[in-house]
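See below for the structure under consideration.
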Amino acid sequence: MMYSSRRKPVLYFKEERRNEISQVPHPEEKFLSGKCTVYKLFGLCMVLLFVSLFWLQFSCSGDMSATMHEDRLLHQQQQPPPCPGDVQASAADDPSWGPHKLALIVPFRERFEELLVFVPFMHTFLNKKKIRHKILVINQVDHYRFNRASLINVGHQESGNDTDYLAMHDVDLLPLNEGLDYGFPEDGPFHVASPELHPLYHYKTYVGGILLLTKKHYHMCNGMSNRFWGWGREDDEFYRRLRKAELQLFRPSGITTGYKTFLHIHDPAWRKRDQKRVASQKQEQFKVDPEGGLSNLRYQVESRQELTISGAPCTVINTKLECDQNQTPWCLLA
């Protein structure tokens, strides 16, 4: 009869058992056979013992590895995410960022929806260009009419000794072209939102929207006039100050995006500008203010708050301006 190789060991074992039953062993052979059986049992026990120890060690190592992995995951989850300020600080320590630091001054009142967009946008934009900066939101909290120029003067005074140049920046104007230069304007004031790029204002003497200049040049102009309460005219008067101080004005070159260079996020239907002109103001609005500026600025800082908006830091300086109603009675609406 033919058997498969897999079954031979089993058949051989049964046949051997039949032969052992048919023969009566000699007492000495029985002794030797029993002795061999004891050794076999002992050897089998040792093999089982080693197998058990090996399995125990393997399972414990696996459990310990899994436990360590879980501990690492738990530790990582418990670690706080890196602070955006720390990331900014470490990046700004890179010498490739240059030695200068920008104070981005935002004259502000009740435009919180725009501010929530502006701060993280500008923080990201300036970081990409490796511009050291801090964003100062000068929030007018008094009951007078809005005075953009005075708030920029306050921003200059409160900007600290760690900054050496300013950006007079509207909160509703966002640069879309990364080719725009926000670097240190050493040679003279740099008008980023030039008339050929600004979406609304295109006359040649326009210097509003976004203007960069060193603190030294700002002092040479005695800052901006404090006489302009309500909307408009303060930047036109500042153009005359630049000329009087014999400062060369610079504007962007090589920008091909035209009026799409900036995003203007102000909605005039939702937030109407204070364009009212009372009689006395109409007579004074086109005059040059030869003495006013940083030299006669009067204000109080009510509070200072450090905020983070979508990971972007800024400082809100709540400011109360003072008005000499004998000089500028139009600071209050009639």
For [Y], does its backbone N or O pair with a side-chain atom of [X] as donor and acceptor, under 3.5 Å?
| X | Y | answer |
| --- | --- | --- |
| Thr261 | Gly258 | yes |
| Lys129 | Glu178 | yes |
| Asn153 | Met224 | yes |
| Arg241 | Asp289 | yes |

### Query
So do the side chains of Leu176 and Phe121 get within less than 4.5 Å of each other, counting heavy atoms only?
yes
### Query
Nearest 0.5 Å, what's the CG-SG distance between Asp142 and Cys323?
9.0 Å
### Parallel, tilted or perpendicular: rings of His264 and His198 (30°, 60°)
tilted
### Ring geometry between His100 and Tyr165 (parallel below 30°, tilted from 30 to 60°, perpendicular above 60°)
perpendicular
### Task
Tell me whether the centres of the aromatic rings in Phe118 and His169 are closer together than 6.0 Å.
yes
#### Entry: Verdict with supporting geometry, Asn127 and Trp97, side-chain contact (heavy atoms from CB on, under 4.5 Å)
CA-CA 9 Å; Asn127 277 350; Trp97 287 53; 3.5 Å; yes
### Task
Using the side-chain contact (heavy atoms from CB on, under 4.5 Å) rule, take Val119 and Leu307 through it: C-alpha gap first, then chi angles, then the decisive distance, then the call.
CA-CA 10 Å; Val119 171; Leu307 300 181; over 6 Å; no
### Query
So does Glu158 pair up with Arg304, basic N to acidic O under 4.0 Å?
yes
### Message
I'd like to know if Asp324 pairs up with Arg298 as an ion pair, taking the criterion as any Lys NZ or Arg NE/NH1/NH2 lying under 4.0 Å from an Asp or Glu carboxylate oxygen.
### Response
no
#### Entry: Atom CD of Glu291: over 12 foreign heavy atoms under 6.0 Å
no
